[in-house]
Amino acid sequence: MNTFILLQLLDLLTTWLVIRNGGREGNPFILWLIQPFDSIWLGFFIIKAIAVAMAFMINRTYPKMLKAVNLWFIMVVAWNTSTFLWTYT
């Protein structure tokens with residue numbers, strides 16, 4: 001569970017780095033979810049809070065599934081990091 005929370009924070013940080021340097025959120029579903037909020041960051045915070053709550057529930061009954069989700073977020077963080085490094089440095 002700690003790994004999932006760390007990956008969520010890293011996703012938020014790397015997304016912030018990309019957006020701060022002129023990029024945009026690349027996931028159309030996330031863009032759709034954050035539209036109702038006044039601030040993109042409030043939207044991201046709420047989405048991440050929901051994700052962590054869901055992960056707690058998943059971890060209780062399907063811990064192996066959470067490992068698969070962690071692998072996905074490792075790829076997301078790697079993608080965000082590479083986008084930042086290749087585009088903005």
Side-chain angles (χ1 to χ4, degrees):
M1 191 64 213
N2 292 337
T3 302
F4 181 81
I5 293 170
L6 175 63
L7 288 168
Q8 294 305 303
L9 292 172
L10 288 172
D11 179 33
L12 192 61
L13 173 66
T14 55
T15 300
W16 175 76
L17 284 171
V18 170
I19 291 173
R20 181 174 181 244
N21 286 284
R24 64 178 186 82
E25 171 59 47
N27 184 333
F29 181 66
I30 297 298
L31 281 174
W32 178 76
L33 286 174
I34 61 177
Q35 280 178 349
F37 301 102
D38 292 335
S39 164
I40 188 171
W41 301 112
L42 177 61
F44 276 124
F45 178 76
I46 291 171
I47 290 166
K48 294 300 179 186
I50 292 169
V52 169
M54 290 173 63
F56 273 110
M57 292 186 292
I58 290 170
N59 194 42
R60 278 193 222 158
T61 53
Y62 304 107
K64 288 183 181 181
M65 183 184 288
L66 190 60
K67 289 180 183 180
V69 172
N70 284 343
L71 289 175
W72 173 259
F73 274 101
I74 288 170
M75 291 185 290
V76 168
V77 169
W79 176 262
N80 288 350
T81 303
S82 65
T83 298
F84 175 73
L85 292 175
W86 288 335
T87 307
Y88 306 109
T89 59

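Remember, it's a predicted structure, so these values are computed and weren't measured experimentally. FYI, the numbering just counts along the sequence from 1.
Clustering ILVMFWY residues whenever any of their side-chain heavy atoms sit less than 4.5 angstrom apart, transitively, puts Leu13 in the very cluster that holds Val18. At a threshold of 4.5 Å between side-chain heavy atoms, the hydrophobic network of Ile, Leu, Val, Met, Phe, Trp and Tyr places Trp32 and Ile40 in one connected group. Trp72 and Leu66 fall within a single hydrophobic cluster, where Ile, Leu, Val, Met, Phe, Trp and Tyr side chains are chained together by heavy-atom contacts under 4.5 Å. Following chains of ILVMFWY side-chain contacts shorter than 4.5 Å, one cannot reach Ile30 starting from Leu7, and the two form parts of different hydrophobic clusters. In terms of hydrophobic clustering, with Ile, Leu, Val, Met, Phe, Trp and Tyr side chains grouped at heavy-atom distances under 4.5 Å, Met54 and Met65 are assigned to different clusters.
Within a 6.0 Å sphere centred on CZ of Phe37, heavy atoms belonging to other residues, nucleotides or ligands number more than 12. Within a 6.0 Å sphere centred on OH of Tyr88, heavy atoms belonging to other residues, nucleotides or ligands number more than 12. More than 12 heavy-atom neighbours from other residues, nucleotides or ligands sit within 6.0 angstrom of CE on Met1.
To the nearest 0.5 Å, atom CG of residue Leu12 and atom CD1 of residue Ile19 are 9.0 Å apart. Distance CH2/Trp86 to OG1/Thr81: 10.5 Å, rounded to 0.5 Å. Rounding to the nearest 0.5 angstrom, the gap separating the CG atom in Leu33 from the CD1 atom in Ile47 is 4.5 Å. Annotation: the span from Ile5 atom CD1 to Leu9 atom CG amounts to 8.0 Å, rounded to 0.5 Å. To the nearest 0.5 Å, atom CG of residue Asn59 and atom NZ of residue Lys67 are 9.5 Å apart.
Residues satisfying the side-chain contact (heavy atoms from CB on, under 4.5 Å) test with Lys48, not counting sequence neighbours, are Gln8, Asp11, Phe73. With sequence neighbours left out, the ring-ring contact (aromatic ring centres under 6.0 Å, His included) criterion links Phe44 to Trp41.
Judged purely by atom type and a 3.5 angstrom limit, Thr87 has no side-chain atom pairing as donor or acceptor with the backbone of Phe84.
Two residues are said to be in side-chain contact when any heavy atoms from C-beta on lie closer than 4.5 Å; Leu31 and Ile34 meet this criterion. Residues Thr61 and Met57 form no side-chain contact, since every pair of their non-hydrogen atoms from C-beta on lies 4.5 Å or further apart.
For the side-chain hydrogen bond (donor to acceptor under 3.5 Å, both in side chains) test with Thr15, the passing option among Thr83, Asn27, Asn80 is Asn80; the others fail.
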